[in-house]
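Given the structure is predicted, the values throughout are model-derived calculations rather than measurements.
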Amino acid sequence: MDSSVERAAVTPNNKSRFIRTFAKVLHLRTATGVAPDVAIHKVKTHENVKVDYVSGSRSMSFDDDDKKNQNRAAMEALLAKLFASVSAVKAAYAELQIAQSPYDADEIQSSDQMVVSELKNLSELKQCFLKKQFDSSPGTTLLLAEIQEQKSLLRTYEITMSKLDSQRKLKESEIMFLREKLEESNKHNRMLEKRLNRSGLLHVLDNLRLSGLNPSHFITVLRHTVKSIRSYIRLMINEMESAGWDLDASASVIEPGVHFWGANHKCFAVEAFVCREMFDGFQHPNFSLPNESLPEQRKRQCFFSRFMELKAAKPMEFLAQKPKSAFAKFCRIKYLQLVHPRMESSFFGSLSQRSLVNSGEFPETAFFISFAEMAKRVWLLHCLAFSFEPEASIFQVKKKSQFSEVYMESVTDEATPSYGGDSPKLDSPEPDQLVAFTVVPGFRIGKTVIQCQVYLSHP
């Protein structure tokens, strides 16, 4: 019996019933909310703790950021003061340098004290950085430092500009000095050249007599005349270059269609133009002078007397003493014929020299003095030509004429340093070469032929 009761208590049916009863109890607790309240309370308590922890972290983060910003601002202010001090040192050192030339003792002492003071400021800034002693108001310090830096930079620029201006004035004074020296050298060279030419001419013709004339005398005068012409041409070309003229275009106008052997040979076209104008009318006794005539029986003696009167005289002095002489008339006519108004205006900016010549006066300028010297040589050559019996005659060859060594010589046989440039030395001209243009005319004195100088055409 007892054993049956015990077996009944542990049967499967009783076990199922026990499980169902326990499940109901659990379900009842869940429905009444006892267990959920406890869980919710625990969750809320956990959330509150969590929120308090985050708020504390944020507060701590804000404090750290403020401190970092303050340190950064203080460091920027310190660096600004550092740059301002460095700029001040540079400005003071620049003042120290410029005070030494010209020497200014007071300014040197003041600049030196400024340099020392700014170096002390740099040392103090270093100590502040090492000891971490920063300004309490970095914003104001930063602005003041920037202002000081800009002032120092401005002062440095002003000193640099003043120094450059002083150097510019020094260079200008040096240029003026060198120009004066150049002008003196040019005057001295012209004087020596005149003395050389004059002494050479006078030495040969010192005791010249009309009865003793021979072609060698004429050749000597002609040689000096060509030198004087080329000296004037050199001055004319310098004026052209200073006025901005195109020498290539000018040469093409004077001698169209000519192909030159060298770039410097354009000057031969200018020489040909001057010679054509100056020797125009050479074959006539009056030499293009209107109403100028001489008695036929005394013509040779009159020309020789003119030659001897003028050969040793300075042209400008002669023109001043005898402004109505035949030579003075010749100078007026040839100057107005050779120097075009546009040329004179381009060279000198006005027509004042032309106006003086038209009014019967003679300008004392380097350009006209050189012209007067050239005109004197041409005039003397003309006087000497008509002192011969029979008189010397002038000739030139036409373009595209065949070259002949009897009547011509090439101007390109030698270099032409008289124009200030290096011309290529060409081979001797071939007999079948053609003439491009005549540069210097030739002359005949009895049976003697003085070759004309020609420029040969380029193939």
Side-chain angles (χ1 to χ4, degrees), residues 194-195 197-229 231-232 274-275 277-338 357 360-362 368-394 440-441 443-446 448 450:
K194 289 178 181 178
R195 287 180 180 177
N197 293 340
R198 190 177 296 118
S199 62
L201 182 61
L202 292 177
H203 177 72
V204 177
L205 307 176
D206 270 345
N207 301 316
L208 186 62
R209 297 287 184 271
L210 182 61
S211 58
L213 281 179
N214 61 66
S216 64
H217 299 137
F218 188 88
I219 293 173
T220 300
V221 178
L222 175 61
R223 186 181 299 115
H224 285 82
T225 302
V226 173
K227 286 183 179 179
S228 180
I229 290 173
S231 177
Y232 175 75
V274 173
C275 287
E277 297 298 328
M278 293 304 297
F279 287 101
D280 182 34
F282 189 91
Q283 69 276 14
H284 302 298
N286 61 352
F287 205 169
S288 301
L289 297 181
N291 303 323
E292 184 74 17
S293 59
L294 294 172
E296 191 65 28
Q297 63 274 13
R298 297 182 58 252
K299 186 173 65 173
R300 289 184 61 205
Q301 184 62 46
C302 288
F303 277 112
F304 187 75
S305 298
R306 286 181 177 181
F307 174 82
M308 296 301 294
E309 179 186 21
L310 185 60
K311 74 179 181 67
K314 295 181 179 180
M316 294 302 295
E317 293 181 359
F318 188 89
L319 292 173
Q321 294 172 1
K322 298 183 178 181
K324 296 183 179 180
S325 62
F327 173 64
K329 295 177 184 178
F330 173 77
C331 285
R332 291 191 187 95
I333 291 175
K334 288 300 181 181
Y335 181 84
L336 298 177
Q337 181 180 343
L338 177 65
V357 174
E361 299 181 15
F362 301 98
F368 188 84
I369 291 173
S370 180
F371 169 81
E373 183 67 29
M374 174 184 66
K376 170 193 168 182
R377 302 291 182 182
V378 176
W379 179 258
L380 288 175
L381 190 68
H382 177 265
C383 291
L384 194 60
F386 280 84
S387 299
F388 283 91
E389 181 64 39
E391 63 267 14
S393 60
I394 188 172
V440 180
F443 299 89
R444 292 188 187 92
I445 305 175
T448 302
I450 303 173

Pairing residues for Q283 by the side-chain hydrogen bond (donor to acceptor under 3.5 Å, both in side chains) criterion, not counting sequence neighbours =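 For Q283 there are no side-chain hydrogen bond (donor to acceptor under 3.5 Å, both in side chains) partners, ignoring immediate neighbours.
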task = Could I get the full list of side-chain hydrogen bond (donor to acceptor under 3.5 Å, both in side chains) partners for S393, not counting sequence neighbours?
result =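 Per chain and number, S393 pairs via side-chain hydrogen bond (donor to acceptor under 3.5 Å, both in side chains) with no residue.
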Heavy-atom pair with the smallest gap, counting every atom of [X] and [Y]:
X    : Y    : answer
G212 : H217 : O-CE1, 3.2 Å
V274 : L338 : CA-CD1, 4.0 Å
F287 : D280 : CE2-O, 3.3 Å
A313 : K376 : O-NZ, 2.7 Å
F362 : C331 : CE2-CB, 4.3 Å
F282 : F386 : O-CE1, 3.4 Å

Atom pair [atom1] ([X]) and [atom2] ([Y]), whose distance is rounded to the nearest 0.5 Å:
X    : Y    : atom1 : atom2 : answer
L381 : S228 : CG    : OG    : 11.5 Å
F371 : K334 : CZ    : NZ    : 8.5 Å
R332 : E361 : CZ    : CD    : 9.5 Å
N214 : F218 : CG    : CZ    : 12.0 Å
L384 : R306 : CG    : CZ    : 14.0 Å
R223 : I450 : CZ    : CD1   : 9.5 Å

query = When you measure from the side chain of T225 to the backbone N and O of R377, does any donor-acceptor pair fall under 3.5 Å?
reply =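 Looks like yes, one N/O pair under 3.5 Å.
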Partners of [X] by side-chain contact (heavy atoms from CB on, under 4.5 Å), sequence neighbours excluded?
X    : value
I333 : L289, P290, Q337
P441 : C275, F279, I394, F443
L210 : L213, R300, Q301, F304, S387

query = Taking the inter-plane angle between the rings of F327 and W379 on a 0 to 90° scale, is it parallel (under 30°), tilted (30 to 60°) or perpendicular (over 60°)?
reply =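 The arrangement is tilted - the two ring planes meet at 30° to 60°.
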is_close_aromatic(H382, F303), centroid dist under 6.0 Å =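 Aromatic pair counts; centres sit under 6.0 Å.
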Let me have the donor-acceptor pairs involving side chains of residues 319-326, under 3.5 Å, with sequence neighbours excluded, atom names and distances please.
residue	atom	partner	partner atom	Å
K322	NZ	E309	OE2	2.2
S325	OG	K322	O	2.9
S325	OG	A328	N	3.3

